[in-house]
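This one's a predicted model, so the numbers in the text were calculated from it and none came from an experiment. All chains are named by letter (A, B, ...) in the order of the sequence lines, taking the proteins before the strands, and each is independently numbered beginning at 1.
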Amino acid sequence: MTTIAQLSAYVGRPVALRGWLYGKRSGGKVVFLLVRDGTGGCQCVVSADAGAAFTAAQALTQESSLHIHGMVRADERAPGGYELEVAGVTPVGDAVDYPITRKPHGVDFLMNHRHLWLRTPRQAAILRVRHVLIQAMRRFFDERGFTLVDTPILTPGAAEGAGTLFSVDYFEDEVYLAQTGQLYLESAAMALGRVYCFGPTFRAEKSKTRRHLAEFWMVEPEIAYAELPDLVQWAEAFIVYLVEAALTHCRPELALLERDCTRLEAVKAPFPRVTYSEAVDLLHSDVIHEELQQAWAADRRQFEAWRARLETLEAERATARKSWQQEKLDRAIHALREDIRTLEESLRARPHYIEAARNFTWGTDLGGDEETILSRHFERPLVITEYPRAVKAFYMKPHPDDPRLVLNCDVLAPEGYGEIIGGSQREEDLDALVSRMQQEGMDLAPYEWYLDLRRYGTVPHGGFGLGVERTVAWICGLRHIRETIPFPRMMGRMTP
RNA sequence: UCCGGCGUAGCUCAAUGGUAGAGCGGGUGACUGUUAAUCACUAGGUUGUAGGUUCGAGCCCUACCGCCGGAGCCA
C-alpha cells in the first residue's frame with residue numbers, strides 16, 4: 001500500500017491507494033476522481049477503456065471511501081504534477097448526500113458539521129500545524145531539562161479572580177475546572193527545578209470574540225531560581241523556537257493557508273521590550289498618534305477604493321451573460337460587501353479608538369485596542385513588563401524599586417493576535433505573600449499548602465503560560481481561533 | 001450583561017411595499033483531459049416565531065428565538 005505523499009517516487013510503477021473521494025469531474029469518455037488519503041490529494045484518471053473501473057468511477061459520490069490502483073505518471077495537467085491512471089477501483093463505504101460541497105458555506109453550517117469540516121484540506125492543514133507546534137512545545141522543554149508535571153483539572157478554588165470558573169458537582173461539593181496549573185507547578189518546581197504542564201484549561205468568561213474559547217490548551221513552564229529577566233529570555237527563546245518549527249516542518253500547510261511567511265521569518269530574538277509605563281507613554285505619544293491618523297486616512301482611502309470597485313463589479317454583474325460569469329461576480333461582490341461592512345464599522349469607531357489611546361490612564365489594564373495599537377507599532381512579538389500591581393494577581397512579586405508595580409511579563413503576538421504569553425516572577429517571601437492575600441480579602445486556609453512552599457526552602461522563581469490556540473491562530477494567520485482546535489468549546493456551542 | 005449586524009430552497013445568496021428568483025448541490029441526458037469542468041432539462045419554499053400597520057409585507061413596526069463579533073474579562 002502506498003500513500004499519496006510518496007507518489008513522486010513511483011512514477012511509471014503500479015500502486016494501490018486507500019482513501020476518500022473529495023471531488024469528481026468527468027468528460028465524455030473519461031472520469032477524474034480526486035482522491036485524498038490523509039497524506040495529500042491525487043487526481044485519478046479513469047478512461048472508458050478501463051471497463052468495469054469506468055462504470056464504478058461514474059457511480060462514486062463525494063466522500064465515499066475507496067481502494068484504487070493503477071499506474072503513476074507525471075502530467076502537467078494534474079494538480080500537484082502527478083496522477084494515477086486507474087486500472088481498478090473498489091468502493092468501500094458509500095456516501096449519500098454529503099452535506100459539505102466544494103462551494104462556500106457559512107460559519108454556522110460549518111461549525112454544525114465540524115466533524116466533517118475537518119476533512120477539507122484547509123482544516124486538515126491547520127490540524128497538522130497544531131500537531132507540529134505542540135510537538136515543538138514539548139520538545140523545547142524536554143530538551144532543556146524540564147520535567148512534565150500533570151496538574152489537576154478539578155480544583156477547589158480560583159487561582160486568580162473568581163467568577164470565571166466552571167463549577168462541577170464533586171460528590172456534593174462544589175469544585176471548579178482548573179484555569180491554570182500554576183500553583184501546583186510551583187510545588188513541583190521546588191522538587192524538580194524546571195517543570196512544565198500541558199493540558200486543557202477552562203474559562204467561564206462570557207466572551208464571544210475571535211480570540212476566545214471556553215476550553216483551550218495551555219503550556220506552562222515554572223522555573224526555580226528564575227527572575228524576571230530570565231523569564232523574558234525563556235519566553236523569547238520559546239516563541240522563536242515555535243516559529244522555526246512551523247517554518248521548517250509546515251511550509252506546504254502554511255502555503256495552503258496563504259500565510260505570509262516573511263512575517264514569521266522576521267520573528268527573531270531579541271524582541272522589542274517595553275515596561276508598562278513606557279507603553280503608556282507610547283500610547284500618549286505624538287508618534288503613535290501620527291501613526292493612527294495615517295492608518296485612519298489609509299483605511300478611508302481603502303474604503304473609497306472598495307466602494308468604487310463594488311460599483312464596477314455590480315455594473316459588470318448587470319450585463320454579464322454567462323451564468324458562470326455571474327456566479328463568479330456574485331462571489332466577488334459578496335466578499336467585497338463583507339469587507340466593506342467590517343471596515344465601515346472600524347472607521348466609525350476610529351475617532352473613539354484614537355482618543356482612547358491618547359487618554360489612556362496609567363494604572364488600568366491594557367485592553368484589546370491598546371494591545372493592537374502597540375503590537376502594530378512594533379510589527380514583531382512585543383514584551384511588556386512591570387504592570388501595575390493593582391490589575392494583577394496576588395502571587396506576583398512586587399517591583400523592589402516601585403511597589404506599585406509587579407515583576408510580570410506579557411508577550412503580545414504581532415498582527416493583532418493579542419496576548420499569547422502571560423507570566424511573572426512569584427512572591428517567594430512568606431510575610432509579603434500573606435499580607436498581600438489579606439489585603440485582597442482572601443481566605444488563607446485553602447492556601448496553606450501553597451504557603452508551605454515559602455516556609456520550607458523558598459527560592460526566587462517564576463513562570464508563564466502560553467495559549468496554544470492563539471499561538472496556532474497567529475502562526476497560521478487565521479481570522480478566528482475556532483479553527484485551531486478540532487472541536488471548539490465556545491459560549492453557546494457544544495456540538496459536535 | 002451591554003452595543004451592533006444578520007435570519008429567504010439542502011448550501012451560498014438575489015428580490016422600489018405589488019406574481020418569491022439564480023448559482024451550487026440532488027435527479028436525467030450530452031461531451032475523449034477536466035482543474036470548485038461545461039451545456040440542456042428537471043425536482044425542490046409556511047421567507048426564524050408570534051403579533052401589528054397596510055388594499056397588499058420577504059421588505060415597515062413591536063416582542064421573542066437563533067446565529068455572528070465587538071466591549072467588558074482574558075491566553
OP1 or OP2 of B/C73 under 4.0 Å from side-chain N/O of A/His212: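 For B/C73, neither OP1 nor OP2 has a side-chain N or O of A/His212 closer than 4.0 Å.
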Taking only side-chain N and O atoms of A/Arg482, does any of them lie within less than 4.0 angstrom of OP1 or OP2 on B/G69?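 A/Arg482 to B/G69 OP1/OP2: side-chain N or O found under 4.0 Å.
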Of the candidate nucleotides [options], which contains the atom at the shortest distance from the side chain of [X]?
X	options	value
A/Lys29	B/G33, B/G26, B/U32	B/U32
A/Asp108	B/C74, B/C67, B/U34	B/C67
A/Thr101	B/G33, B/U12, B/G25	B/G25
A/Arg211	B/G69, B/A75, B/C74	B/C74

Roughly how many Å apart are [M] and [N], using the [atom1] atom of each and rounding to a whole number?
N	M	atom1	value
B/U54	B/G18	C1'	12 Å
B/G52	B/G17	C1'	16 Å
B/G48	B/A14	P	14 Å
B/G7	B/C64	C1'	14 Å

Identify which one of A/Leu466, A/Thr471, A/Asp410 satisfies the side chain to side chain contact (heavy atoms under 4.5 Å, CB included) criterion when paired with A/Ile421.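 When A/Leu466, A/Thr471, A/Asp410 are each tested with A/Ile421, the side chain to side chain contact (heavy atoms under 4.5 Å, CB included) holds only for A/Leu466.
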Distance from A/Ile481 atom CD1 to A/Tyr417 atom OH, nearest 0.5 Å? 10.5 Å
Can you measure A/Glu76 atom CD to B/U34 atom P for me and round it to whole angstrom units?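 Interatomic distance, CD of A/Glu76 to P of B/U34: 14 Å.
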